[in-house]
Novice: 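Below: one structure in structure tokens.
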Amino acid sequence: MLEAEQQWWKQNGVAISETIDRAGTPWVRMFDRHGKRVDEILYPREYLTILKRGYRSGVVWRALEEKSLLSTYLLMYTISFYDPGICCPYTVSLGTAVPLAKYGREELQSRFLPQLLRKDDSVWQGATWMTEIAGGSDLGAGVKTVARSNDDSWLLTGDKYFTSNAGAELAVAAARPHGAAPGVRGLALFLVPRYRRDGSLNYFIRRLKDKIATRSVPTGEVELRDSEGYLLGSADSGIYLILEVLNLSRVANSVVSVALAQRAMADALSYAECRMAFGRRIIDHPLLQHQFESRLQGLRSAFALAWESVRLLNEVWMYRPPYSERYHLFRLVAHLAKYWTAEFAVDTAKWAMEVHGGLGVLAEYGVERWLREAMILAIWEGTAHRQVLDALEVMERKQAHKMLFELLAEAAPSDELRQMESTVQNHLSLPTNEKEARAESLIRQLAIFTANKLSLTYPG
Ligand SMILES: Cc1cc2nc3c(=O)[nH]c(=O)nc-3n(C[C@H](O)[C@H](O)[C@H](O)COP(=O)(O)OP(=O)(O)OC[C@H]3O[C@@H](n4cnc5c(N)ncnc54)[C@H](O)[C@@H]3O)c2cc1C
């Protein structure tokens with residue numbers, strides 16, 4: 001299945017993806033010719049060819065049909081070697097289908113789930129709307145959207161500032177039920193269809209953003225105006241559901257980051273094998289050769305870390321609050337993976353451009369795209385700061401590092417493990433401000449340590 005996907009991308013997908021990256025982001029057509037508000041996203045036709053193929057292959061339906069996330073993330077890994085951005089719509093569609101399947105009332109599931117799991121081109125797409133203009137890192141303060149109870153549904157009013165896959169048929173959105181507590185504890189997760197029960201538009205697209213990358217994806221701003229919404233789970237456990245949606249996308253982000261780094265390295269290698277300098281192919285110069293070798297080891301380690309986050313998520317994705325220890329271990333590994341793989345992708349993409357010399361900055365060589373795409377991977381689904389601080393929190397509050405060291409005990413020599421353990425313990429006992437201020441170097445060290453040790457247990 002993965003080989004077929006790869007072949008198809010080499011023969012068909014790559015050319016389409018490159019053209020769309022150059023041509024720019026889709027358009028929104030707000031009114032039809034009779035003046036009726038329609039907010040339709042106008043995609044290049046060929047984009048739908050590559051987009052729909054992934055859905056047909058099973059980026060979403062396989063997860064729920066196979067009751068396993070492995071095929072889904074393997075498909076994303078394969079596809080994002082060619083187009084990392086296209087995994088954004090797949091991820092947010094997965095992030096809509098999973099909470100619906102897990103927490104949706106039976107009536108909601110039978111009304112909406114089959115459309116998200118279709119295996120043909122009529123498949124519905126999902127979207128995940130959390131971020132508002134006041135900020136995405138601090139959702140407790142940033143989410144101003146309010147939900148008011150209305151018979152068997154809710155009416156949502158507010159503005160979402162970053163909405164990837166705008167135009168999706170169904171979204172999950174964070175909102176605060178009227179009168180609920182301030183902060184993250186008062187947030188709930190709602191299902192928001194594109195159309196109301198009477199057939200009119202249920203949300204409005206204010207505009208689409210012009211971005212440095214993921215150019216094919218319509219990332220917009222969305223207005224909710226008494227929009228019909230359906231509560232998922234209970235109102236008082238909303239923040240857990242929101243974090244579960246983020247878990248799915250942070251793990252996807254990690255897998256995509258590794259594929260992107262691998263692609264940048266592959267492009268750098270094929271260039272270095274042809275380019276001559278000082279009478280030799282540049283790959284034959286010791287300095288560059290050493291860089292390739294150590295980066296290849298870095299790639300193996302990054303893959304192991306990303307895949308460990310997939311493996312653990314696959315164990316815990318159906319868990320519900322209150323969570324088990326295994327879930328907290330997953331969270332720590334997922335924060336390390338989201339943080340470190342994105343950093344590795346950015347750094348590798350920059351280096352791959354440098355290997356191309358001045359030609360690396362030229363659009364026609366294509367390698368500059370990987371740096372543009374990698375910068376988005378480092379920011380969305382929570383920036384590096386967020387991952388670092390959340391990793392610190394799950395170690396402090398849930399002692400997740402102890403479970404991590406148990407996990408690594410097989411691969412890591414005990415003296416190295418003890419040393420890493422005491423570094424973490426010493427850090428956790430620092431005064432609060434200092435602990436936070438110096439957290440990045442600790443998390444970086446822990447992420448690299450974990451990735452290197454895990455890579456010893458993974459096939460090369
Ligand atoms: C292309 C794209 C598509 C997106 N699509 C979606 C989407 O579909 N749905 C969605 O909900 N969101 C989406 N986002 C939003 C994304 O998740 C946010 O941009 C991200 O979470 C950061 O939030 P912010 O941009 O509001 O930055 P802010 O939260 O304002 O943060 C600004 C800076 O301050 C730092 N910072 C914040 N708090 C701290 C702290 N305590 N300590 C240290 N530093 C801190 C941040 O790390 C960041 O560097 C998208 C973003 C992009 C770029």
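Just follow the structure's listing: the first ligand is 1, and inside any ligand the first atom is 1. Note that this is a predicted model, so its numbers are computed, not measured. Just so you know, these numbers use all the heavy atoms, side chains as well, and skip hydrogens, waters and symmetry mates.
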Novice: Could you check Ser153 against Glu228 for side chain to side chain donor-acceptor pair (under 3.5 Å), going step by step and ending with a plain yes or no?
Specialist: CA-CA 7 Å; Ser153 65; Glu228 288 173 1; over 6 Å; no
Novice: May I ask you to identify the nearest protein heavy atom to atom 28 (P) of ligand 1, giving residue, atom name and distance to one decimal place in Å?
Specialist: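 The protein heavy atom lying closest is Ser137 OG, 3.6 Å.
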Novice: For the residue pair Tyr339 and Asp390, confirm or rule out a side-chain donor-acceptor distance under 3.5 Å.
Specialist: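 Side chains of Tyr339 and Asp390: no pair found under 3.5 Å.
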Novice: Minimum distance, heavy atoms only, to atom 26 (O) of ligand 1: which one of Ala213, Ala437, Gly136 is it?
Specialist: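 Going through Ala213, Ala437, Gly136 one by one, Gly136 has the nearest heavy atom to atom 26 (O) of ligand 1.
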Novice: Give the residue, atom name and distance (to 0.1 Å) of the protein heavy atom nearest atom 53 (C) of ligand 1.
Specialist: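 Looking only at protein heavy atoms, the one closest to atom 53 (C) of ligand 1 is Phe162 CE2, 3.9 Å.
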Novice: Provide, to 0.1 Å, the distance between atom 34 (O) of ligand 1 and the closest protein heavy atom, together with that atom's residue and name.
Specialist: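 Minimum-distance protein heavy atom for atom 34 (O) of ligand 1 reads His385 ND1, 4.5 Å.
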Novice: Look at atom 17 (O) of ligand 1 and say which protein heavy atom is nearest, naming residue and atom and giving the distance to 0.1 Å.
Specialist: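 Among all protein heavy atoms, the one nearest atom 17 (O) of ligand 1 is Glu381 N, 3.6 Å.
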Novice: Quick one: which ligand 1 atoms are inside 4.0 Å of a heavy atom on Met130?
Specialist: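 Contacts of ligand 1 toward Met130, numbered from 1: 10 (C), 11 (O).
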Novice: For atom 41 (N) of ligand 1, what is the nearest protein heavy atom, given as residue, atom name and distance?
Specialist: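 Result for atom 41 (N) of ligand 1: Leu389 CD1, 3.5 Å.
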Novice: Distance to 0.1 Å, residue and atom name: give those for the protein heavy atom nearest to atom 15 (C) of ligand 1.
Specialist: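 Closest protein heavy atom to atom 15 (C) of ligand 1: Thr131 OG1, 3.3 Å.
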Novice: May I ask you to test the Leu189-Met130 pair for a side-chain heavy-atom distance under 4.5 Å?
Specialist: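 Leu189 vs Met130: side chains touch.
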Novice: Under 4.0 Å from a heavy atom of Gly135: which atoms of ligand 1 are those, numbered in the order shown and with their elements?
Specialist: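 Every atom of ligand 1 under 4.0 Å from some heavy atom of Gly135: 26 (O).
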Novice: Could you find the nearest protein heavy atom to atom 2 (C) of ligand 1 and give me its residue, atom name and distance?
Specialist: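 Its nearest protein heavy-atom neighbour is Trp380 CE3, 3.5 Å.
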Novice: Any N or O of Ser164 that comes nearer than 3.5 Å to an N or O of ligand 1?
Specialist: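 Right, the criterion is met.
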Novice: Answer yes or no: is there a side-chain heavy-atom contact under 4.5 Å between Glu221 and Lys160?
Specialist: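 No - every pair of side-chain heavy atoms lies 4.5 Å or more apart.
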Novice: Does any non-hydrogen side-chain atom of Phe330 lie less than 4.5 Å from one of Val394?
Specialist: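 When only atoms from C-beta onward are counted, Phe330 and Val394 do not touch, as no gap falls below 4.5 Å.
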Novice: If we only consider heavy atoms of Thr219, is any one of them less than 4.0 Å away from an atom in ligand 1?
Specialist: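 Checking ligand 1 against Thr219, which is what was asked, there is a heavy-atom contact under 4.0 Å.
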Novice: Starting from atom 1 (C) of ligand 1, which protein heavy atom do you reach first, and at what distance in Å?
Specialist: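 Answer, as residue, atom name and distance: Lys211 CD, 3.7 Å.
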Novice: Would you mind listing which atoms of ligand 1 come within a distance below 4.0 Å of any non-hydrogen atom of Thr163?
Specialist: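 Atoms satisfying the 4.0 Å criterion: 8 (O).
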Novice: So, for Tyr203 and Trp129, is the gap between ring centers shorter than 6.0 Å?
Specialist: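 Yes, they do, as the ring centres are separated by less than 6.0 Å.
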